[in-house]
Amino acid sequence: MAVAVEMLNISKFYPGVIANDNVSLSVNEGEILGLIGENGAGKSTMMNMLYGMTEPDLGVIKLFGKEVRIPSPNMAIKLGIGMVHQHFMLMPNLSVLQNIILGSTPTKHGLIDEKTAKEKIQKIMDTYDLQVNLDEKVYQLSVGEKQRVEIIKSLYREAKVLIMDEPTAVLTPQETDKLLEVMKQLKEQGCAIIFITHKLREVMAITDKIVVMRKGVVTGSLATSEANTDGLSGMMVGRKVDLNIPRGEYKPRETVLEVENLHALNQRGIPALNGVSFKIARGEIVGVAGVEGNGQTELIEVISGMLNPTDGKVILKGEDVTARNVRQRRENGMAHIPEDRLKMGSATNCTIRDNLILNRYYQKPYCKGGILDSKKLEDMSEKLCVDFGVKTPDSTYKLGTLSGGNMQKVVFAREMEANPDLLIAAQPTRGVDIGAIESIHHKIVEVRDSDRGVLLVSAELDEILSLSDRILVMYEGEIVAEFKRGEADERTIGTYMTGAKRQGGDGNEK
């Protein structure tokens, strides 16, 4: 097999940060390289250089044996390099079709040839089982559907080298299995794939070789056949990681959240919730499992005050808050980690400090008489960065300079600082490395053990099973099953997630 990509002795420097320090890696045609490491280890920076989004300060990039300079993504695309970004590079107000063909638009008699484009895209979707409605606007799509569009876009451009930056971070287990099959097909066709992920199970299942990075340097490079998850996690974070989080005895107390007969419409005006009712007590974690697009997003939005229900009630600490806005609910003890940190959880052009104080800037002791106490806000921000392991020289850096996982830590730190009675955690570890997952899981269990309630929504079934005291399964906007901790395994829950089974009102199968 010919060598497709060589990145030799690459270094990249930013003010106060060495992102990459003399890093080398290579991948052959028809080979999948797993690139793993902690958030901020330098993985995405390496791939951004290969895709022309930034250039190395030192080192050489070779493509199919020829030294190349890649000053822009346009040049990367011309050279046959495609990239599926962790944070989607899509135009929300354009259609799926327009996003896919943008920059590679077929024309006929001077006009856009949509017929030819649709035929080519449909063939890709059929070949790889990546179906999506080409006429829908991107903003109407679920997170998983947006990921499919990103993958189709790269395949449409006929990439010979495909960079996949956390592609499964937003996918359900079923969608992840499909994607891994797509990767196998591409590998068989000679495509060179660089697969960035935090999920060691996927790395072991799909890759041919693995490069591990930590703090901007390579700490390990080996064939997948020689690797094991314990060894890889040790190379990633420099210590043993244990995701079996100790927890106190399950002693639920009074109800902190109750939702009654919730009905709501999604962005397309289609019913998304159909009579959802449940309770969360202090001292418990209630996990919601389901294939993405079955009402979980709308459920979270209704509870947090971002979406008005068409019927039903949201009761927080015994008070009906259905008509209250987001701030009023937060001031009444609700915190929310949103599933899409970029869209609704952060402001990337603002500093880390600004993002951390969004809940608090108008409250005492941080604000008196309308004047901010900058010293107290700065001290709080710096302390949160340290406590939650945000990798940054200080909190004055823009949030957008951080890796995706470090952005998530900022969002999590802000919500936890409010000391909420109810924590809504939607996809809390999406795109986060294994060391940070361990830390976030500890924090979630701490909330539960400190006599508060947690609503956990996650596409990661192992996360739901590991953390939840009770598990609710959603399908087509309804709760179709409920299990106590230890009553069901991943396969059983997966059956209810697909709608193949549902429980009756007595908890028995229908």
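Counting from 1, the numbers follow the sequence of the chain as shown.
D208 and K187 are joined by a salt bridge, as a carboxylate oxygen and a charged side-chain nitrogen come within less than 4.0 angstrom of each other. A salt bridge links E158 and K120; the closest N-O separation between the charged side-chain nitrogens and carboxylate oxygens is under 4.0 Å. A salt bridge does not link E119 to K123: none of the charged nitrogens lies less than 4.0 Å from a carboxylate oxygen. Under 4.0 Å is where a charged nitrogen must lie from a carboxylate oxygen, and between K184 and E181 at least one such pair does.
Scanning all heavy atoms of the two residues, the minimum distance from M91 to V138 falls at O-CB, 3.7 Å. Between N355 and A347, the shortest heavy-atom distance links the atoms OD1-N, 2.8 Å. In plain terms, the two heavy atoms of K398 and N349 that are nearest each other are CE-O, 3.3 Å. The heavy-atom pair separating I163 from L50 by the smallest distance is CD1-CD2, 3.7 Å. Considering every non-hydrogen atom in both T224 and M204, the closest pair reads CG2-O, 3.8 Å.
No side-chain donor-acceptor contact under 3.5 Å links D113 and T107. Side-chain contact, E166 with H85: no donor N or O sits under 3.5 Å from an acceptor N or O. If you check the side chains of D126 and Q131, you find a donor sitting under 3.5 Å from an acceptor. A donor and an acceptor atom, one from each side chain of E460 and T429, are nowhere located under 3.5 Å apart. Defined by atom type and a distance below 3.5 Å, a donor-acceptor pair is missing between the side-chain atoms of E136 and S95. With hydrogens and angles left out, the side-chain atoms of E6 and S26 include no donor and acceptor closer than 3.5 Å. A donor-acceptor contact closer than 3.5 angstrom is absent between the side chains of T396 and T351.
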Exercise for the section: Kindly indicate, with the supporting measurements, whether the criterion side-chain contact (heavy atoms from CB on, under 4.5 Å) is fulfilled by R214 and M235. Expected result: CA-CA 8 Å; R214 179 157 56 95; M235 283 187 275; over 6 Å; no

Exercise for the section: For D21 and K215, run salt bridge (Lys or Arg N to Asp or Glu O under 4.0 Å): C-alpha distance rounded to whole Å, both residues' side-chain angles, the deciding distance at 0.1 Å, then the answer. Expected result: CA-CA 9 Å; D21 187 6; K215 296 181 179 178; over 6 Å; no

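Here the side chains of I193 and M183 are in contact, with some heavy-atom distance below 4.5 Å.
Cation-pi check for K160 over F64 is met; the charged atom lies under 6.0 angstrom from the ring centroid and within 45 degrees of its normal. Judged by the 6.0 Å distance and 45° axis criteria, K12 is positioned over the aromatic ring of Y14. Stacking of K443 on the aromatic ring of F412 is not recorded, the 6.0 Å distance cut-off and the 45° axial limit not both being met.
Side chain of K153 to main chain of M89: a donor-acceptor pair is present (N/O by atom type, distance under 3.5 Å, no hydrogens or angles).
If you run side-chain contact (heavy atoms from CB on, under 4.5 Å) between I464 and each of I285, I471, V286, V473, only I471 comes through.
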